[in-house]
2 protein chains.
Amino acid sequence: MIATKGAAETLSRDAVIERALALADAEGLDAVTIRRLGQEFGVTPMALYWHVKNKEELLDAMGDRIFAAVELDYASTALWDEQLRAVVRALVQAMRAHPTCVELAYRRIFGSAEGQRLAEHTLGLLRRAGFTVRQTADIASHALQTAVMLVSAEPGAEPGFNEDERNENLAVKRAGLMALPADVFPYIREAADELLHCDDMADYYEFGIDMFVAGARATLADTA
Amino acid sequence: MIATKGAAETLSRDAVIERALALADAEGLDAVTIRRLGQEFGVTPMALYWHVKNKEELLDAMGDRIFAAVELDYASTALWDEQLRAVVRALVQAMRAHPTCVELAYRRIFGSAEGQRLAEHTLGLLRRAGFTVRQTADIASHALQTAVMLVSAEPGAEPGFNEDERNENLAVKRAGLMALPADVFPYIREAADELLHCDDMADYYEFGIDMFVAGARATLADTA
DNA sequence: ACCTGAACACCGTTCAAGT
DNA sequence: ACCTGAACACCGTTCAAGT
(Lines give C-alpha, C1' and ligand atoms only; values in the text may rest on other atoms or scores of the structure.)
Protein backbone atom coordinates (compact mmCIF):
# COMPACT_ATOMS: atom_id res chain seq x y z
CA MET A 1 0.00 0.00 0.00
CA ILE A 2 1.38 3.34 -1.11
CA ALA A 3 1.52 6.09 1.50
CA THR A 4 -1.97 7.55 1.54
CA LYS A 5 -1.54 11.28 1.41
CA GLY A 6 -4.28 12.87 3.46
CA ALA A 7 -7.69 11.28 3.85
CA ALA A 8 -8.80 8.16 1.99
CA GLU A 9 -9.32 9.44 -1.53
CA THR A 10 -12.75 9.03 -3.03
CA LEU A 11 -13.00 6.93 -6.13
CA SER A 12 -13.11 8.74 -9.46
CA ARG A 13 -11.61 8.32 -12.88
CA ASP A 14 -9.00 10.99 -12.24
CA ALA A 15 -8.11 9.58 -8.83
CA VAL A 16 -7.65 6.11 -10.33
CA ILE A 17 -5.32 7.36 -13.07
CA GLU A 18 -3.29 9.42 -10.64
CA ARG A 19 -2.97 6.56 -8.19
CA ALA A 20 -1.96 4.23 -11.00
CA LEU A 21 0.84 6.61 -12.03
CA ALA A 22 2.02 6.94 -8.44
CA LEU A 23 2.00 3.17 -8.07
CA ALA A 24 4.00 2.75 -11.28
CA ASP A 25 6.53 5.31 -10.09
CA ALA A 26 6.93 3.58 -6.74
CA GLU A 27 6.86 -0.09 -7.70
CA GLY A 28 6.98 -0.33 -11.47
CA LEU A 29 4.34 -0.70 -14.13
CA ASP A 30 3.79 -4.38 -13.26
CA ALA A 31 2.50 -3.33 -9.85
CA VAL A 32 -0.38 -1.51 -11.53
CA THR A 33 -3.20 -4.04 -11.46
CA ILE A 34 -6.91 -3.55 -11.14
CA ARG A 35 -7.00 -5.60 -7.97
CA ARG A 36 -4.13 -3.72 -6.37
CA LEU A 37 -5.72 -0.38 -7.20
CA GLY A 38 -8.92 -1.63 -5.58
CA GLN A 39 -6.94 -2.32 -2.40
CA GLU A 40 -5.37 1.15 -2.54
CA PHE A 41 -8.83 2.71 -2.53
CA GLY A 42 -10.21 0.24 0.00
CA VAL A 43 -12.71 -1.00 -2.50
CA THR A 44 -13.59 -4.11 -4.49
CA PRO A 45 -11.61 -4.55 -7.76
CA MET A 46 -14.86 -4.46 -9.71
CA ALA A 47 -15.61 -0.99 -8.43
CA LEU A 48 -12.93 0.36 -10.75
CA TYR A 49 -14.81 -0.81 -13.81
CA TRP A 50 -17.35 1.86 -13.23
CA HIS A 51 -14.72 4.58 -13.69
CA VAL A 52 -12.55 2.95 -16.32
CA LYS A 53 -13.62 0.72 -19.20
CA ASN A 54 -10.86 -1.82 -18.71
CA LYS A 55 -7.16 -2.03 -18.01
CA GLU A 56 -6.10 -1.06 -21.51
CA GLU A 57 -8.12 2.14 -21.32
CA LEU A 58 -6.51 2.89 -17.97
CA LEU A 59 -3.02 2.46 -19.43
CA ASP A 60 -3.95 4.70 -22.35
CA ALA A 61 -5.20 7.35 -19.96
CA MET A 62 -1.91 7.17 -18.07
CA GLY A 63 -0.05 7.77 -21.33
CA ASP A 64 -2.29 10.73 -22.12
CA ARG A 65 -1.46 12.26 -18.74
CA ILE A 66 2.21 12.29 -19.64
CA PHE A 67 1.59 14.17 -22.88
CA ALA A 68 -0.72 16.55 -21.08
CA ALA A 69 2.24 17.61 -18.95
CA VAL A 70 4.39 18.57 -21.95
CA GLU A 71 5.36 22.22 -21.74
CA LEU A 72 6.49 23.75 -25.01
CA ASP A 73 6.55 27.21 -26.55
CA TYR A 74 4.48 26.52 -29.65
CA ALA A 75 4.91 30.14 -30.77
CA SER A 76 8.71 29.95 -30.88
CA THR A 77 10.40 31.67 -33.82
CA ALA A 78 13.81 30.06 -33.25
CA LEU A 79 15.64 28.22 -36.05
CA TRP A 80 14.28 24.78 -36.88
CA ASP A 81 17.07 22.86 -35.17
CA GLU A 82 16.61 24.81 -31.96
CA GLN A 83 12.90 24.14 -32.12
CA LEU A 84 13.52 20.43 -32.67
CA ARG A 85 15.81 20.43 -29.65
CA ALA A 86 13.07 22.12 -27.63
CA VAL A 87 10.58 19.42 -28.65
CA VAL A 88 12.80 16.58 -27.44
CA ARG A 89 13.67 18.51 -24.28
CA ALA A 90 9.99 19.02 -23.48
CA LEU A 91 9.21 15.36 -24.12
CA VAL A 92 12.07 14.22 -21.93
CA GLN A 93 11.01 16.55 -19.16
CA ALA A 94 7.43 15.28 -19.20
CA MET A 95 8.47 11.63 -19.36
CA ARG A 96 10.98 11.88 -16.54
CA ALA A 97 8.07 12.48 -14.17
CA HIS A 98 6.96 8.86 -14.76
CA PRO A 99 9.94 6.99 -16.15
CA THR A 100 8.34 3.54 -15.99
CA CYS A 101 5.42 4.74 -18.12
CA VAL A 102 7.26 6.07 -21.18
CA GLU A 103 6.11 3.18 -23.31
CA LEU A 104 2.52 4.05 -22.49
CA ALA A 105 3.04 7.60 -23.70
CA TYR A 106 4.81 6.43 -26.82
CA ARG A 107 1.74 4.82 -28.37
CA ARG A 108 -0.55 7.72 -27.45
CA ILE A 109 0.87 10.56 -29.55
CA PHE A 110 -1.87 10.41 -32.11
CA GLY A 111 -4.49 9.37 -29.59
CA SER A 112 -4.14 12.24 -27.12
CA ALA A 113 -4.97 15.88 -27.74
CA GLU A 114 -1.61 17.18 -26.53
CA GLY A 115 0.19 14.47 -28.48
CA GLN A 116 -1.54 15.54 -31.67
CA ARG A 117 -0.65 19.14 -31.03
CA LEU A 118 2.98 18.26 -30.42
CA ALA A 119 3.13 16.03 -33.50
CA GLU A 120 1.65 18.71 -35.71
CA HIS A 121 4.14 21.26 -34.40
CA THR A 122 7.10 18.94 -34.97
CA LEU A 123 6.06 17.86 -38.44
CA GLY A 124 5.52 21.50 -39.37
CA LEU A 125 8.88 22.73 -38.25
CA LEU A 126 10.63 19.93 -40.11
CA ARG A 127 8.67 20.46 -43.33
CA ARG A 128 9.37 24.19 -43.29
CA ALA A 129 13.05 23.43 -42.70
CA GLY A 130 13.10 21.67 -46.06
CA PHE A 131 12.80 18.00 -45.28
CA THR A 132 10.71 15.75 -47.54
CA VAL A 133 7.48 14.30 -46.18
CA ARG A 134 9.19 10.93 -45.80
CA GLN A 135 12.15 12.43 -43.92
CA THR A 136 9.83 14.55 -41.80
CA ALA A 137 7.80 11.54 -40.72
CA ASP A 138 10.93 9.55 -39.88
CA ILE A 139 12.68 12.34 -37.99
CA ALA A 140 9.58 13.23 -35.99
CA SER A 141 9.18 9.57 -35.02
CA HIS A 142 12.84 9.44 -34.08
CA ALA A 143 12.42 12.54 -31.92
CA LEU A 144 9.77 10.77 -29.87
CA GLN A 145 11.75 7.55 -29.77
CA THR A 146 14.89 9.40 -28.73
CA ALA A 147 13.08 10.91 -25.76
CA VAL A 148 11.67 7.49 -24.86
CA MET A 149 15.05 5.81 -25.07
CA LEU A 150 16.92 8.49 -23.15
CA VAL A 151 14.46 8.32 -20.27
CA SER A 152 13.94 4.58 -20.17
CA ALA A 153 17.68 3.95 -20.37
CA GLU A 154 18.45 6.40 -17.60
CA PRO A 155 21.00 4.57 -15.49
CA GLY A 156 19.78 3.61 -12.04
CA ALA A 157 16.31 4.55 -10.85
CA GLU A 158 14.80 1.07 -11.04
CA PRO A 159 11.54 1.15 -9.10
CA GLY A 160 10.64 -1.10 -6.21
CA PHE A 161 14.01 -0.61 -4.57
CA ASN A 162 15.17 1.85 -1.96
CA GLU A 163 18.48 3.66 -2.34
CA ASP A 164 20.52 1.04 -0.49
CA GLU A 165 19.15 -1.73 -2.66
CA ARG A 166 19.88 0.29 -5.79
CA ASN A 167 23.47 0.87 -4.73
CA GLU A 168 23.84 -2.81 -3.91
CA ASN A 169 22.39 -3.65 -7.33
CA LEU A 170 24.85 -1.31 -9.02
CA ALA A 171 27.78 -2.76 -7.12
CA VAL A 172 26.81 -6.25 -8.28
CA LYS A 173 26.64 -5.16 -11.90
CA ARG A 174 29.95 -3.34 -11.62
CA ALA A 175 31.57 -6.39 -10.09
CA GLY A 176 30.19 -8.46 -12.95
CA LEU A 177 31.88 -6.24 -15.52
CA MET A 178 35.15 -5.99 -13.61
CA ALA A 179 35.27 -9.77 -13.35
CA LEU A 180 35.79 -9.98 -17.10
CA PRO A 181 39.37 -10.84 -18.18
CA ALA A 182 41.37 -7.64 -18.56
CA ASP A 183 43.19 -8.77 -21.67
CA VAL A 184 40.02 -9.54 -23.65
CA PHE A 185 37.74 -6.77 -22.34
CA PRO A 186 39.90 -3.73 -21.58
CA TYR A 187 37.39 -1.23 -22.92
CA ILE A 188 34.40 -2.58 -21.02
CA ARG A 189 36.43 -2.46 -17.82
CA GLU A 190 37.63 1.05 -18.55
CA ALA A 191 34.08 2.30 -19.15
CA ALA A 192 32.33 0.22 -16.47
CA ASP A 193 31.51 3.17 -14.23
CA GLU A 194 30.29 5.36 -17.06
CA LEU A 195 28.16 2.55 -18.49
CA LEU A 196 26.35 1.96 -15.22
CA HIS A 197 26.26 5.34 -13.62
CA CYS A 198 25.89 8.97 -14.51
CA ASP A 199 26.41 11.70 -11.98
CA ASP A 200 25.15 14.60 -14.08
CA MET A 201 21.74 13.81 -15.50
CA ALA A 202 21.46 17.22 -17.17
CA ASP A 203 24.63 16.47 -19.14
CA TYR A 204 23.40 12.99 -20.00
CA TYR A 205 20.21 14.32 -21.54
CA GLU A 206 21.80 17.29 -23.28
CA PHE A 207 24.41 15.04 -24.86
CA GLY A 208 21.78 12.65 -26.17
CA ILE A 209 19.60 15.45 -27.49
CA ASP A 210 22.58 17.20 -29.08
CA MET A 211 23.55 14.06 -30.93
CA PHE A 212 20.04 13.60 -32.23
CA VAL A 213 19.75 17.18 -33.46
CA ALA A 214 23.23 17.03 -35.00
CA GLY A 215 22.13 13.94 -36.92
CA ALA A 216 19.08 15.74 -38.25
CA ARG A 217 21.15 18.77 -39.23
CA ALA A 218 23.64 16.61 -41.11
CA THR A 219 20.79 14.87 -42.91
CA LEU A 220 19.44 18.18 -44.15
CA ALA A 221 22.91 19.29 -45.27
CA ASP A 222 23.35 16.05 -47.24
CA THR A 223 19.95 16.42 -48.90
CA ALA A 224 20.40 20.02 -49.97
CA MET B 1 -1.14 -23.92 -30.71
CA ILE B 2 1.59 -22.94 -33.15
CA ALA B 3 1.96 -25.09 -36.26
CA THR B 4 4.05 -28.07 -35.11
CA LYS B 5 6.72 -28.50 -37.70
CA GLY B 6 7.42 -32.19 -38.06
CA ALA B 7 7.07 -34.61 -35.16
CA ALA B 8 6.26 -33.60 -31.61
CA GLU B 9 9.49 -32.04 -30.39
CA THR B 10 11.10 -33.56 -27.34
CA LEU B 11 11.48 -31.30 -24.36
CA SER B 12 14.90 -29.72 -23.81
CA ARG B 13 16.22 -26.35 -22.76
CA ASP B 14 17.05 -25.42 -26.35
CA ALA B 15 13.69 -26.56 -27.65
CA VAL B 16 11.89 -24.52 -25.02
CA ILE B 17 13.80 -21.34 -25.86
CA GLU B 18 13.27 -21.82 -29.57
CA ARG B 19 9.58 -22.49 -29.16
CA ALA B 20 9.26 -19.44 -26.94
CA LEU B 21 10.83 -17.25 -29.62
CA ALA B 22 8.56 -18.71 -32.30
CA LEU B 23 5.55 -18.11 -30.08
CA ALA B 24 6.59 -14.50 -29.45
CA ASP B 25 7.05 -13.96 -33.20
CA ALA B 26 3.62 -15.36 -33.96
CA GLU B 27 1.50 -13.99 -31.14
CA GLY B 28 3.57 -11.47 -29.23
CA LEU B 29 5.67 -11.68 -26.09
CA ASP B 30 2.58 -11.82 -23.86
CA ALA B 31 1.66 -15.15 -25.40
CA VAL B 32 4.85 -16.63 -24.00
CA THR B 33 3.74 -18.21 -20.73
CA ILE B 34 4.99 -21.28 -18.94
CA ARG B 35 1.57 -22.87 -19.15
CA ARG B 36 1.17 -22.19 -22.86
CA LEU B 37 4.61 -23.60 -23.59
CA GLY B 38 3.62 -26.71 -21.67
CA GLN B 39 0.62 -27.09 -23.98
CA GLU B 40 2.82 -26.62 -27.04
CA PHE B 41 4.97 -29.54 -25.95
CA GLY B 42 2.01 -31.62 -24.79
CA VAL B 43 3.32 -31.60 -21.28
CA THR B 44 2.48 -30.31 -17.81
CA PRO B 45 3.55 -26.69 -17.14
CA MET B 46 5.72 -27.87 -14.28
CA ALA B 47 7.74 -30.04 -16.64
CA LEU B 48 9.39 -26.87 -17.99
CA TYR B 49 10.90 -26.09 -14.62
CA TRP B 50 13.28 -28.95 -15.07
CA HIS B 51 14.81 -27.31 -18.14
CA VAL B 52 14.56 -23.69 -17.13
CA LYS B 53 14.97 -22.14 -13.67
CA ASN B 54 11.98 -19.83 -13.97
CA LYS B 55 10.35 -17.48 -16.42
CA GLU B 56 12.89 -14.72 -15.96
CA GLU B 57 15.72 -17.05 -16.86
CA LEU B 58 13.78 -18.13 -19.94
CA LEU B 59 13.34 -14.54 -21.07
CA ASP B 60 17.04 -13.88 -20.50
CA ALA B 61 17.92 -16.91 -22.59
CA MET B 62 15.69 -15.62 -25.38
CA GLY B 63 17.57 -12.32 -25.29
CA ASP B 64 20.89 -14.14 -25.43
CA ARG B 65 19.76 -16.00 -28.54
CA ILE B 66 19.26 -12.72 -30.33
CA PHE B 67 22.80 -11.55 -29.57
CA ALA B 68 24.16 -14.95 -30.55
CA ALA B 69 22.78 -14.32 -34.05
CA VAL B 70 24.68 -11.05 -34.49
CA GLU B 71 26.99 -11.27 -37.49
CA LEU B 72 29.76 -8.71 -37.56
CA ASP B 73 33.25 -8.48 -39.01
CA TYR B 74 35.21 -7.90 -35.83
CA ALA B 75 38.44 -7.67 -37.83
CA SER B 76 37.27 -4.75 -39.96
CA THR B 77 39.82 -2.03 -40.65
CA ALA B 78 37.31 0.50 -41.96
CA LEU B 79 37.09 4.04 -40.56
CA TRP B 80 35.45 4.32 -37.15
CA ASP B 81 32.18 5.74 -38.46
CA GLU B 82 31.80 2.94 -40.97
CA GLN B 83 32.49 0.44 -38.21
CA LEU B 84 29.90 2.08 -35.99
CA ARG B 85 27.41 1.87 -38.83
CA ALA B 86 28.22 -1.83 -39.22
CA VAL B 87 27.55 -2.41 -35.52
CA VAL B 88 24.08 -0.89 -35.65
CA ARG B 89 23.34 -2.69 -38.92
CA ALA B 90 24.31 -6.03 -37.41
CA LEU B 91 22.21 -5.37 -34.31
CA VAL B 92 19.21 -4.38 -36.40
CA GLN B 93 19.56 -7.45 -38.57
CA ALA B 94 19.69 -9.79 -35.58
CA MET B 95 16.78 -8.10 -33.83
CA ARG B 96 14.53 -8.08 -36.88
CA ALA B 97 14.38 -11.86 -36.64
CA HIS B 98 12.38 -11.50 -33.40
CA PRO B 99 10.99 -7.99 -33.33
CA THR B 100 8.78 -8.49 -30.27
CA CYS B 101 11.80 -9.59 -28.24
CA VAL B 102 14.11 -6.60 -28.71
CA GLU B 103 13.61 -5.45 -25.13
CA LEU B 104 14.79 -8.84 -23.93
CA ALA B 105 17.99 -8.50 -25.90
CA TYR B 106 18.50 -4.94 -24.71
CA ARG B 107 19.13 -5.88 -21.09
CA ARG B 108 21.38 -8.82 -21.98
CA ILE B 109 24.35 -7.07 -23.63
CA PHE B 110 26.58 -7.45 -20.63
CA GLY B 111 25.04 -10.77 -19.61
CA SER B 112 25.57 -12.70 -22.82
CA ALA B 113 28.91 -13.75 -24.32
CA GLU B 114 28.16 -12.32 -27.75
CA GLY B 115 26.80 -9.14 -26.20
CA GLN B 116 30.03 -8.64 -24.27
CA ARG B 117 32.05 -9.19 -27.40
CA LEU B 118 29.97 -6.68 -29.33
CA ALA B 119 30.13 -4.12 -26.51
CA GLU B 120 33.91 -4.43 -26.24
CA HIS B 121 34.27 -3.98 -29.99
CA THR B 122 32.04 -0.92 -30.05
CA LEU B 123 33.63 0.76 -27.04
CA GLY B 124 37.05 0.13 -28.54
CA LEU B 125 36.32 1.64 -31.93
CA LEU B 126 34.86 4.75 -30.32
CA ARG B 127 37.76 5.21 -27.91
CA ARG B 128 40.31 4.86 -30.69
CA ALA B 129 38.31 7.39 -32.72
CA GLY B 130 39.05 9.94 -30.03
CA PHE B 131 35.91 10.05 -27.87
CA THR B 132 36.23 10.43 -24.12
CA VAL B 133 35.26 7.50 -21.90
CA ARG B 134 32.04 9.30 -21.00
CA GLN B 135 31.15 9.97 -24.65
CA THR B 136 32.12 6.44 -25.61
CA ALA B 137 29.82 4.91 -23.00
CA ASP B 138 26.93 7.15 -24.05
CA ILE B 139 27.35 6.62 -27.79
CA ALA B 140 27.70 2.87 -27.43
CA SER B 141 24.51 2.79 -25.35
CA HIS B 142 22.79 4.93 -27.94
CA ALA B 143 23.89 2.56 -30.69
CA LEU B 144 22.11 -0.31 -28.97
CA GLN B 145 19.09 1.83 -28.19
CA THR B 146 18.92 3.08 -31.75
CA ALA B 147 18.76 -0.47 -33.04
CA VAL B 148 16.09 -1.31 -30.48
CA MET B 149 13.99 1.69 -31.35
CA LEU B 150 14.28 1.27 -35.11
CA VAL B 151 13.14 -2.35 -34.91
CA SER B 152 10.44 -1.93 -32.29
CA ALA B 153 9.01 1.10 -34.06
CA GLU B 154 8.94 -0.64 -37.42
CA PRO B 155 5.57 0.36 -38.86
CA GLY B 156 3.13 -2.53 -39.20
CA ALA B 157 4.08 -6.08 -38.28
CA GLU B 158 2.12 -6.28 -35.04
CA PRO B 159 1.93 -9.93 -34.06
CA GLY B 160 -1.21 -11.92 -33.48
CA PHE B 161 -2.85 -10.58 -36.60
CA ASN B 162 -2.93 -11.90 -40.12
CA GLU B 163 -2.33 -9.62 -43.08
CA ASP B 164 -5.99 -8.70 -43.55
CA GLU B 165 -6.33 -7.73 -39.93
CA ARG B 166 -3.15 -5.64 -40.13
CA ASN B 167 -4.41 -3.80 -43.18
CA GLU B 168 -7.73 -3.22 -41.47
CA ASN B 169 -5.88 -1.95 -38.42
CA LEU B 170 -3.84 0.41 -40.56
CA ALA B 171 -6.91 1.72 -42.32
CA VAL B 172 -8.53 2.52 -38.98
CA LYS B 173 -5.46 4.43 -37.81
CA ARG B 174 -5.26 6.30 -41.09
CA ALA B 175 -8.91 7.21 -40.90
CA GLY B 176 -8.32 8.47 -37.38
CA LEU B 177 -5.60 10.84 -38.55
CA MET B 178 -7.52 12.01 -41.63
CA ALA B 179 -10.52 12.78 -39.43
CA LEU B 180 -8.55 15.59 -37.78
CA PRO B 181 -9.57 19.10 -38.87
CA ALA B 182 -7.55 20.12 -41.92
CA ASP B 183 -7.04 23.69 -40.78
CA VAL B 184 -5.50 22.74 -37.43
CA PHE B 185 -3.57 19.61 -38.44
CA PRO B 186 -2.39 20.07 -42.04
CA TYR B 187 1.01 18.49 -41.46
CA ILE B 188 -0.29 15.37 -39.71
CA ARG B 189 -2.72 14.82 -42.57
CA GLU B 190 -0.02 15.39 -45.16
CA ALA B 191 2.29 12.86 -43.51
CA ALA B 192 -0.36 10.33 -42.44
CA ASP B 193 0.71 7.63 -44.89
CA GLU B 194 4.40 8.03 -44.17
CA LEU B 195 3.80 7.98 -40.42
CA LEU B 196 1.89 4.71 -40.52
CA HIS B 197 3.47 2.88 -43.39
CA CYS B 198 6.81 2.34 -45.03
CA ASP B 199 7.18 0.53 -48.31
CA ASP B 200 10.95 0.29 -48.34
CA MET B 201 12.21 -1.16 -45.09
CA ALA B 202 15.83 -1.09 -46.26
CA ASP B 203 15.55 2.67 -46.74
CA TYR B 204 13.84 3.07 -43.39
CA TYR B 205 16.68 1.38 -41.55
CA GLU B 206 19.48 2.99 -43.54
CA PHE B 207 18.01 6.43 -42.93
CA GLY B 208 17.78 5.84 -39.19
CA ILE B 209 21.29 4.44 -39.00
CA ASP B 210 22.69 7.26 -41.14
CA MET B 211 21.19 9.86 -38.86
CA PHE B 212 22.66 8.17 -35.81
CA VAL B 213 26.14 7.93 -37.29
CA ALA B 214 25.97 11.51 -38.55
CA GLY B 215 25.14 12.59 -35.01
CA ALA B 216 28.17 10.77 -33.65
CA ARG B 217 30.41 12.26 -36.35
CA ALA B 218 29.21 15.78 -35.58
CA THR B 219 29.84 15.19 -31.89
CA LEU B 220 33.45 14.23 -32.55
CA ALA B 221 33.96 17.25 -34.80
CA ASP B 222 32.61 19.54 -32.07
CA THR B 223 34.88 17.98 -29.44
CA ALA B 224 38.09 18.17 -31.48
C1' DA C 1 17.00 -37.76 -14.62
C1' DC C 2 12.70 -36.20 -15.82
C1' DC C 3 7.72 -35.51 -15.31
C1' DT C 4 2.99 -35.11 -12.75
C1' DG C 5 -0.89 -33.61 -9.31
C1' DA C 6 -2.43 -30.80 -6.14
C1' DA C 7 -2.17 -26.56 -4.17
C1' DC C 8 -1.31 -21.43 -3.40
C1' DA C 9 -1.44 -16.74 -4.36
C1' DC C 10 -2.04 -14.04 -7.91
C1' DC C 11 -4.24 -11.86 -12.62
C1' DG C 12 -8.52 -9.39 -15.78
C1' DT C 13 -13.25 -9.52 -16.55
C1' DT C 14 -18.47 -10.55 -16.68
C1' DC C 15 -22.83 -10.40 -14.79
C1' DA C 16 -26.45 -10.37 -11.74
C1' DA C 17 -27.51 -8.27 -7.61
C1' DG C 18 -27.63 -4.81 -4.11
C1' DT C 19 -28.22 0.38 -2.35
C1' DA D 1 -25.25 6.33 -10.09
C1' DC D 2 -22.12 3.54 -7.92
C1' DC D 3 -20.50 -0.61 -5.61
C1' DT D 4 -20.38 -5.84 -4.24
C1' DG D 5 -20.21 -11.21 -4.52
C1' DA D 6 -19.58 -15.00 -6.91
C1' DA D 7 -17.67 -17.01 -10.69
C1' DC D 8 -14.59 -17.98 -14.82
C1' DA D 9 -10.46 -18.53 -17.24
C1' DC D 10 -6.16 -17.35 -16.84
C1' DC D 11 -1.05 -16.50 -14.60
C1' DG D 12 3.92 -18.25 -12.03
C1' DT D 13 5.66 -21.26 -8.71
C1' DT D 14 6.48 -24.84 -4.86
C1' DC D 15 6.69 -29.27 -3.24
C1' DA D 16 5.89 -33.91 -2.54
C1' DA D 17 5.28 -37.75 -5.26
C1' DG D 18 5.79 -40.85 -9.09
C1' DT D 19 8.76 -43.55 -12.85
Side-chain angles (χ1 to χ4, degrees), chain A residues 1-2 4 7-64 100-101 103-104 107-108 158-160, chain B residues 1-2 4 7-63 100-101 103-104 107-108 158-161:
Chain A
M1 190 81 65
I2 289 245
T4 41
E9 257 166 303
T10 73
L11 211 50
S12 76
R13 187 181 158 86
D14 267 19
V16 170
I17 297 167
E18 223 155 90
R19 193 63 154 242
L21 284 168
L23 192 48
D25 295 342
E27 304 183 25
L29 198 50
D30 288 346
V32 177
T33 76
I34 300 286
R35 297 178 111 100
R36 171 68 185 273
L37 283 169
Q39 277 181 40
E40 298 278 334
F41 284 99
V43 102
T44 291
M46 296 77 80
L48 299 194
Y49 284 93
W50 184 262
H51 304 277
V52 135
K53 198 181 158 235
N54 52 31
K55 188 168 181 186
E56 198 187 337
E57 204 222 31
L58 169 60
L59 295 176
D60 284 350
M62 292 166 71
D64 294 353
T100 66
C101 303
E103 65 205 51
L104 301 182
R107 55 177 195 200
R108 291 298 294 168
E158 288 160 79
Chain B
M1 188 81 63
I2 289 243
T4 41
E9 256 167 305
T10 73
L11 210 51
S12 75
R13 186 180 159 86
D14 268 18
V16 170
I17 297 168
E18 225 155 88
R19 192 64 153 241
L21 284 167
L23 192 49
D25 295 341
E27 304 182 26
L29 198 50
D30 288 346
V32 177
T33 74
I34 300 287
R35 297 178 110 101
R36 172 68 186 273
L37 284 169
Q39 276 180 42
E40 298 276 335
F41 283 100
V43 102
T44 292
M46 294 77 79
L48 299 193
Y49 284 92
W50 184 262
H51 303 277
V52 134
K53 197 180 159 235
N54 52 31
K55 188 168 181 186
E56 199 187 338
E57 203 222 31
L58 170 60
L59 295 176
D60 284 349
M62 292 166 69
T100 66
C101 302
E103 64 205 52
L104 301 182
R107 57 176 193 201
R108 292 298 293 167
E158 289 161 77
F161 295 99

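Scope of the values below: all heavy atoms of this structure, side chains included, with no hydrogens, waters or symmetry mates. Numbers restart at 1 for each chain; the letters A, B, ... are given by sequence-line order, proteins then strands.
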Heavy-atom pair with the smallest gap, counting every atom of [X] and [Y]:
X        : Y        : answer
A:His51  : A:Arg13  : O-CG, 3.4 Å
A:Leu11  : A:Phe41  : CD1-CG, 3.5 Å
A:Cys101 : A:Met62  : SG-CE, 4.0 Å
B:Ala24  : B:Thr100 : O-OG1, 3.3 Å

Hey, does [Y] have a side-chain heavy atom less than 4.5 Å from the side chain of [X]?
X       : Y       : answer
A:Leu37 : A:Leu58 : yes
A:Leu23 : A:Glu27 : yes
A:Ile17 : A:Asp64 : no

>> Just to be sure I understand the geometry, which residues of residues 46-59 of chain B put a non-hydrogen atom under 4.0 Å away from DNA chain C?
In response: B:Met46, B:Ala47, B:Trp50, B:His51

> Quick one: CG on B:Leu48 to NZ on B:Lys55, what's the gap to the nearest 0.5 Å?
Replying inline: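 Reported value, rounded in 0.5 Å steps: 11.5 Å.
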
> So A:Ile34 and A:Asn54, side chain to side chain contact (heavy atoms under 4.5 Å, CB included) or not? Walk me through it.
Replying inline: CA-CA 9 Å; A:Ile34 300 286; A:Asn54 52 31; over 6 Å; no

>> Return whichever of A:Pro45 or A:Arg35 has its heavy-atom-nearest nucleotide of DNA chain D closer to the 5' end.
In response: A:Pro45

> Can you pull the contact range of chain A along DNA chain C, 5' to 3', using atoms under 4.0 angstrom from its heavy atoms?
Replying inline: C:dC11 to C:dT14

> Could B:Glu103 and B:Arg107 be called an ion pair, given the rule that one side-chain N must be under 4.0 Å from one carboxylate O?
Replying inline: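 Answer for the salt bridge query: no.
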
> Which dot-bracket string fits DNA chain D when only Watson-Crick or G-U wobble pairs with both atom distances under 3.5 Å count, crossing pairs get [ ], and | stands for a partner on a different strand?
Replying inline: ||.|||||...|||||.||

